[in-house]
Amino acid sequence: MKRDRKIETASNSASPYKGGITIKSAQELEAMRHAGAVVASVIKLLKQSVEPGITTRELDYLANKEILSHGAKATFKGYRGFPATICTSVNEEIVHGIPGKRVLKEGDIIKLDVGATIDGFIGDAAVSLPVGSVAPEALGLLEATRLSLEAGIQAAQVGSRIGDVSAAVQAYSEAHGYSVVREFVGHGVGRFLHEDPQVPNYGPAGRGPLLRPGMCIAIEPMLNVGDWHTRILDDQWTVVTADGSLSAHFEHTIAIKEGGPEVLTAHE
Ligand code: MG
């Protein structure tokens with residue numbers, strides 16, 4: 001989850017986030033790894049569970065059970081009033097869909113966004129999955145979105161800038177004929193779900209904050225088959241493509257390190 005606006009402090013924290021980019025110590029990185037591993041295990045479970053006939057609420061239930069089994073907490077639940085454990089967004093829904101009675105059917109694509117908190121630190125990741133057999137157009141979108149995230153991760157090197165990540169995602173996406181959502185962006189992550197800096201999926205290279213060892217960011221490209229504009233449904237959460245075209249979303253939490261980025265939420 002992310003919102004393209006200034007971060008709010010978490011109301012339940014003893015030490016509210018004051019803004020600014022946080023650099024994690026070795027010990028804090030270990031906690032980030034732990035949180036990332038919990039998220040990865042939830043995503044693995046959900047990958048096995050997505051099939052025609054399951055409801056998004058059932059997926060939410062499975063995710064919550066898995067998070068609790070690790071002694072972790074569902075980060076999104078209650079965040080700005082979000083009512084569920086995970087976000088489930090189907091087809092033209094981009095992000096922030098609320099799990100409910102919707103039954104997944106053959107040919108749908110579903111986006112699952114998962115956050116888990118353990119020992120005070122947060123992991124955040126998302127995948128887009130085909131439901132049964134899907135159209136080639138949908139498969140192409142899923143693959144391009146996954147690879148645009150890879151391009152962004154590879155650009156996240158010590159000494160590079162946030163703009164280099166943004167430009168890498170945008171270049172890959174547009175070269176493959178997809179548009180990149182502007183109104184929602186990636187973010188720093190740590191003790192708080194949304195820390196500085198914002199990590200847009202578009203924009204010029206060479207700009208923005210310098211990437212330094214110990215920074216943790218969530219990179220999360222959202223690609224549309226049609227235009228990049230979005231709108232929000234009446235539930236005040238679900239973000240959809242304005243033109244009704246298909247959308248996909250992939251996300252990893254990564255740590256910036258000498259020698260290259262470490263993917264904290266790896267689930268492959
Ligand atoms: Mg996120």
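Just so you know, residue 1 is the first one in the sequence shown, and it goes up from there. When a ligand or atom number is given, it counts from 1 through the structure's own listing order.
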For the Mg ion (ligand 1), the closest N/O/S atom belonging to D124: OD2
Tell me the ring pair (Phe, Tyr, Trp, His ring centres under 6.0 Å) pairs involving residues 139-177, sequence neighbours left out? Y172-H176
Of the backbone and side-chain N, O or S atoms of H194, does one lie nearer to the Mg ion (ligand 1) than 2.8 Å? no
For the Mg ion (ligand 1), give me the closest N/O/S atom belonging to E220, just the atom name. OE2
E28 meets the side chain to side chain contact (heavy atoms under 4.5 Å, CB included) criterion, sequence neighbours left out, with K24, S25, F121, R191
Any donor-acceptor N or O pair under 3.5 Å, side chains D113, H96: no
Would you tell me whether T238 and E93 have side-chain atoms, one donor and one acceptor, within less than 3.5 Å of each other? no
Backbone or side-chain N/O/S of E251 under 2.8 Å of the Mg ion (ligand 1): yes
